[in-house]
Amino acid sequence: MSTFESATTNADKAAWMLEGLAVPDVRFAVLLSEDGLRIAHIGEITLDNAERFAAAASGLRSLGKALGEFSGNVTSVRQNMTEYDDGMIFITAVGDGALIGVSTIRDADVNLVAHRMNEIAVRVGHELGSLPRRQWAQSMPTLGQS
């Protein structure tokens, strides 16, 4: 199985949407709900770590929103990028309630990674939208109702 060949489990059927991120210097990509649940992933990351990454990426996204007011508009977060000694983490909104998180090596082509993430957001964002759990739960019929 190649580095960017996704698993064939039912949970990873959405991983095809991340294949555009199979570029040099990208370690892995995770598709997640805005509230931190992993939807799919590709690359050099285990399932357990993809789930941990999804939770952390959601938290980082929330921090970005909290800092938005200091940039002019709290609702204008387009992308978070955090640089570390050995790499970078990108988080981009994709659809309503969905995000993509990407980990790269230190010398990654930032423009290429951001461009690919934005391409995916435009191309398949409508397929990735997910309701927050509270709204989803409220939209479900209660047991015993038809």
Side-chain angles (χ1 to χ4, degrees), residues 1-140:
M1 187 157 91
S2 72
T3 301
F4 285 97
E5 187 176 323
S6 58
T8 57
T9 65
N10 285 338
D12 284 326
K13 288 187 177 181
W16 66 268
M17 293 183 230
L18 299 173
E19 294 297 325
L21 292 166
V23 297
D25 305 332
V26 169
R27 290 183 173 119
F28 60 83
V30 177
L31 174 63
L32 60 133
S33 66
E34 196 168 63
D35 60 354
L37 299 176
R38 183 199 72 88
I39 298 168
H41 70 277
I42 61 170
E44 300 173 14
I45 189 169
T46 65
L47 174 61
D48 286 344
N49 282 338
E51 289 174 349
R52 286 182 42 228
F53 178 87
S58 173
L60 188 57
R61 180 70 175 185
S62 293
L63 289 173
K65 285 183 177 181
L67 291 170
E69 70 178 277
F70 302 105
S71 180
N73 186 347
V74 74
T75 62
S76 67
V77 180
R78 289 193 250 170
Q79 186 170 60
N80 298 70
M81 183 182 91
T82 307
E83 185 175 1
Y84 299 91
D85 288 340
D86 293 328
M88 291 178 273
I89 300 293
F90 296 81
I91 303 167
T92 297
V94 183
D96 184 26
L99 306 168
I100 295 176
V102 172
S103 173
T104 69
I105 66 170
R106 176 180 40 198
D107 297 325
D109 183 341
V110 174
N111 291 328
L112 176 62
V113 174
H115 177 73
R116 290 289 178 96
M117 291 177 80
N118 290 325
E119 280 183 334
I120 290 170
V122 168
R123 189 176 73 237
V124 295
H126 64 281
E127 295 182 41
L128 299 180
S130 61
L131 291 173
R133 282 184 265 184
R134 183 178 303 129
Q135 288 178 352
W136 176 79
Q138 291 171 349
S139 70
M140 298 300 291

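All values derive from a computational prediction rather than experimental measurement.
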task: Start with the C-alpha distance between Leu31 and His41, add both sets of side-chain angles, then the distance that settles side chain to side chain contact (heavy atoms under 4.5 Å, CB included), and finish with yes or no.
output: CA-CA 6 Å; Leu31 174 63; His41 70 277; over 6 Å; no

- request: For the pair Met88 and Thr82, evaluate side chain to side chain contact (heavy atoms under 4.5 Å, CB included) and give the outcome as yes or no after the intermediate values.
  value: CA-CA 6 Å; Met88 291 178 273; Thr82 307; over 6 Å; no

message: Evaluate Ile105 against Asp86 for side chain to side chain contact (heavy atoms under 4.5 Å, CB included), listing each step before the verdict.
response: CA-CA 6 Å; Ile105 66 170; Asp86 293 328; over 6 Å; no

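Here the closest heavy-atom approach between residue Thr92 and residue Gln79 is recorded as OG1-NE2, 2.6 Å. The heavy-atom pair separating Ile100 from Met117 by the smallest distance is O-CE, 3.4 Å. Shortest non-hydrogen contact noted between Ala29 and Val102 is CB-CG2, 4.0 Å. The two residues Arg106 and Asp85 make their nearest non-hydrogen contact at CD-O, 3.2 Å. Counting all heavy atoms, side chain and backbone alike, Ala54 lies closest to Val30 at CB-CG1, 4.3 Å. Ala40 approaches Ala15 most closely through the heavy-atom pair CB-N, 3.6 Å.
Residues meeting the ring-ring contact (aromatic ring centres under 6.0 Å, His included) test with Phe53, sequence neighbours left out: Phe28.
For the atom pair Glu69 CD and Leu67 CG, the distance stands at 8.0 Å (nearest 0.5 Å). Here the CZ-CG distance, from Arg27 to Leu21, works out to 15.0 Å after rounding to the nearest 0.5 Å. The distance from atom CG of Leu47 to atom CZ of Arg52, rounded to the nearest 0.5 Å, is 12.0 Å.
Evaluation of the side chain to side chain donor-acceptor pair (under 3.5 Å) test over residues 108-121, restricted to residues two or more places apart or in two chains, returns His115-Glu119.
With Thr104 contributing its side chain and Asp25 its backbone, the two residues share no donor-acceptor pair below 3.5 Å. Not one N or O on the side chain of Arg38 forms a donor-acceptor pair closer than 3.5 Å with the backbone of Leu32. Side chain of Ser62 to main chain of Ser58: a donor-acceptor pair is present (N/O by atom type, distance under 3.5 Å, no hydrogens or angles).
The side-chain heavy atoms of Ile42 and Glu19, taken from C-beta on, include a pair separated by under 4.5 Å. Counting heavy atoms from C-beta on, the side chains of Val94 and Leu99 never come closer than 4.5 Å.
A donor atom on one side chain and an acceptor atom on the other are not found under 3.5 Å apart for Asp48 and Thr46.
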